[in-house]
Amino acid sequence: MKIRFLTGLDSASYKSLRLEALQNNPEAFSSSYEEEEKMPIQQTELKLNAEYTHTIGAFIESDLIGIATLVVETKKKILHRATIVAVYVHQDYRNAGIGKKIVTELIKKAKSMMRIEQIYLTVTASNLPAKQLYQSIGFETYGIEKRALKIEDTYFDDELMVLFIK
C-alpha cells in the first residue's frame, strides 16, 4: 500500500471513491451523492489543488482505496486550527488500519505547519468503529450536535472531537 497526497491529476479516482462514500454511508457526510455527482470534474481538480486543503490517499497498486482531507483555517483568529473531513476507506479494506494511517499522516502534516495547535473532526455519533479509531489516535469528544443531519425522515447526531497537538 502506498499513501501520498493527491493532486488534480487524481481527480477522477478521487471523485469515484467520494461518490462511493456518499452512496454507501450517506449518514457520515453533509454532502449528498446527488449534489456531488453533478459537480464537474474541474471542481474536484480545483479542490485537490487548493492551497489550504490537503487530501491524502491510500493506494493498492493504482487503485485509490482510502481518502481524508485536512482543511487549514485562513482567518487570523483561527489560524491555529485545522479540521479533518471526508474520511473514507473502501469497505473491502476496512479494519486493516488504513483509516488510522491516513488520519495519522494528516496529523503529521498539521504538526509540520507549526502554527496548527488543534485539529477538529466530526463523526456520526452512532459510528462506533470510527469513534474508536479517532479516540485511539487521541481525539477527545467535546460535544454532541443533536439531529445534525437529516436523511429523509431519519436524524443523525454528530459527535464533535478535537486533538490538541500543542
Side-chain angles (χ1 to χ4, degrees), residues 1-8 10 14 17-18 20-22 24-32 36 44 46-60 64-91 93-151 155-166:
M1 180 180 63
K2 181 178 180 183
I3 295 176
R4 66 171 173 81
F5 285 93
L6 304 182
T7 70
D10 299 299
Y14 176 85
L17 189 59
R18 175 80 173 150
E20 175 188 306
L22 296 172
N24 289 345
N25 298 101
E27 75 288 350
F29 305 96
S30 59
S31 296
S32 73
E36 290 207 17
T44 303
L46 287 172
K47 187 160 105 175
L48 292 177
N49 285 333
E51 185 177 353
Y52 295 101
T53 62
H54 308 278
T55 299
I56 200 159
F59 292 83
I60 301 247
L64 182 62
I65 53 112
I67 50 176
T69 299
L70 180 73
V71 179
V72 179
E73 297 294 345
T74 60
K75 293 182 179 180
K76 184 177 181 178
K77 294 179 185 178
I78 55 174
L79 287 174
H80 64 293
R81 298 169 45 162
T83 305
I84 293 176
V85 299
V87 179
Y88 181 75
V89 175
H90 186 285
Q91 35 195 22
Y93 298 95
R94 291 184 184 168
N95 301 313
I98 295 168
K100 188 170 191 170
K101 286 178 183 172
I102 60 179
V103 170
T104 300
E105 285 301 314
L106 288 181
I107 293 167
K108 285 181 191 174
K109 176 68 175 176
K111 286 180 177 179
S112 77
M113 300 176 87
M114 303 306 281
R115 68 180 173 89
I116 304 300
E117 298 174 15
Q118 55 212 56
I119 304 169
Y120 294 87
L121 61 79
T122 301
V123 61
T124 306
S126 60
N127 187 343
L128 297 180
K131 286 174 24 177
Q132 290 171 345
L133 162 69
Y134 301 134
Q135 289 168 343
S136 76
I137 295 171
F139 281 87
E140 299 174 10
T141 298
Y142 69 91
I144 303 288
E145 185 177 350
K146 296 284 189 187
R147 298 168 54 151
L149 295 179
K150 182 179 180 183
I151 302 172
Y155 293 97
F156 296 89
D157 296 344
D158 276 347
E159 196 157 324
L160 312 173
M161 303 183 90
V162 64
L163 173 68
F164 295 98
I165 58 175
K166 285 189 183 176

> Under 4.0 Å between a Lys/Arg side-chain N and an Asp/Glu carboxylate O for R147 and D158?
Replying inline: no
> Going by atom types only, do Y52 and E73 share a side-chain donor-acceptor pair under 3.5 Å?
Replying inline: no
>> Looking at Y155, I'd like to know if the NZ or CZ of K146 sits under 6.0 Å from its six-membered ring centre while staying within 45 degrees of the ring's axis.
In response: no
> Is there side-chain contact between Q135 and M161, with at least one heavy-atom pair below 4.5 Å?
Replying inline: yes
> Checking side chain to side chain contact (heavy atoms under 4.5 Å, CB included) for the pair V103/I84: CA distance, chi angles, key distance, verdict?
Replying inline: CA-CA 8 Å; V103 170; I84 293 176; 4.0 Å; yes
> What's the spacing between I67 CD1 and L6 CG if we round to 0.5 Å?
Replying inline: 8.0 Å
> Can you tell me how far NE2 of H90 sits from CD of E20, rounded to the nearest 0.5 angstrom?
Replying inline: 4.0 Å
>> Show the nearest heavy-atom pair for residues A110 and I119, with the distance to one decimal.
In response: CB-CD1, 3.7 Å
>> Quick check: do T44 and Y14 have side-chain heavy atoms less than 4.5 Å from each other?
In response: yes
>> Do E159 and T141 pair up side chain to side chain, a donor and an acceptor below 3.5 Å, judged on atom types alone?
In response: yes
> Heavy atoms, side chains only, cut-off 4.5 Å: are V87 and L121 in contact?
Replying inline: no
> Has R18 got its NZ or CZ under 6.0 Å from the middle of the six-membered ring of Y88, at an angle within 45 degrees of the ring axis?
Replying inline: no
> Looking only at heavy atoms, what is the nearest atom pair of I137 and T104, with distance?
Replying inline: CD1-OG1, 4.2 Å
>> Measuring only between side-chain heavy atoms, which start at C-beta, is L160 closer than 4.5 Å to V162?
In response: no
> Between I102 and I3, does a side chain to side chain contact (heavy atoms under 4.5 Å, CB included) hold up when you go through it step by step?
Replying inline: CA-CA 7 Å; I102 60 179; I3 295 176; 4.2 Å; yes
> What distance do L149 atom CG and T122 atom OG1 have between them, rounded to the nearest 0.5 Å?
Replying inline: 9.5 Å
>> Looking only at the aromatic ring of each residue, does the gap between the centers of Y120 and F139 stay below 6.0 angstrom?
In response: no
>> Could you report the tightest heavy-atom contact between R4 and F59, atom names first, then the distance?
In response: NH2-CZ, 3.4 Å
>> Taking the side chain as everything from C-beta on, heavy atoms only, tell me whether M113 gets closer than 4.5 Å to V72.
In response: yes
> Ion pair present between E117 and R81, side-chain N to carboxylate O less than 4.0 angstrom?
Replying inline: no
> With a 4.5 Å limit on heavy-atom distance, are the side chains of I151 and F156 in contact?
Replying inline: yes
> Taking all atoms of both residues into account, what is the closest heavy-atom pair of F29 and A86, and its distance?
Replying inline: CE2-CA, 3.9 Å
> Do T124 and D157 pass the side chain to side chain contact (heavy atoms under 4.5 Å, CB included) test, and can you show the C-alpha distance, the side-chain angles, and the key distance before you say yes or no?
Replying inline: CA-CA 6 Å; T124 306; D157 296 344; over 6 Å; no
> So which of K101, K109, K108 actually passes side-chain hydrogen bond (donor to acceptor under 3.5 Å, both in side chains) with E105?
Replying inline: K108
> If you take all heavy atoms of A58 and I98, which pair is closest and at what distance?
Replying inline: CB-CG2, 3.7 Å
> Counting N and O atoms only, with roles assigned by atom type, does the side chain of D10 sit under 3.5 Å from a partner on the main chain of T7, one being a donor and the other an acceptor?
Replying inline: yes
> How long is the gap from CG on L48 to CZ on F5, to the nearest 0.5 Å?
Replying inline: 12.0 Å
> Under the side chain to side chain contact (heavy atoms under 4.5 Å, CB included) criterion, do I116 and I165 qualify, and how do the steps go?
Replying inline: CA-CA 8 Å; I116 304 300; I165 58 175; 3.9 Å; yes
>> Within the structure provided, determine whether Y134 and N127 are in side-chain contact (heavy-atom separation under 4.5 Å).
In response: no
> Does the side chain of N24 come within less than 4.5 Å of Q91's, by heavy atoms?
Replying inline: yes
>> Let me confirm one number: the CG-OG distance from L22 to S30, rounded to the nearest 0.5 Å.
In response: 9.0 Å
>> To check you understand the geometry: which heavy-atom pair defines the closest contact between L133 and G99, and what is its length?
In response: CD2-C, 4.1 Å
>> Is it the case that over 12 heavy atoms from other parts of the model lie below 6.0 angstrom from the NZ atom of K131?
In response: yes
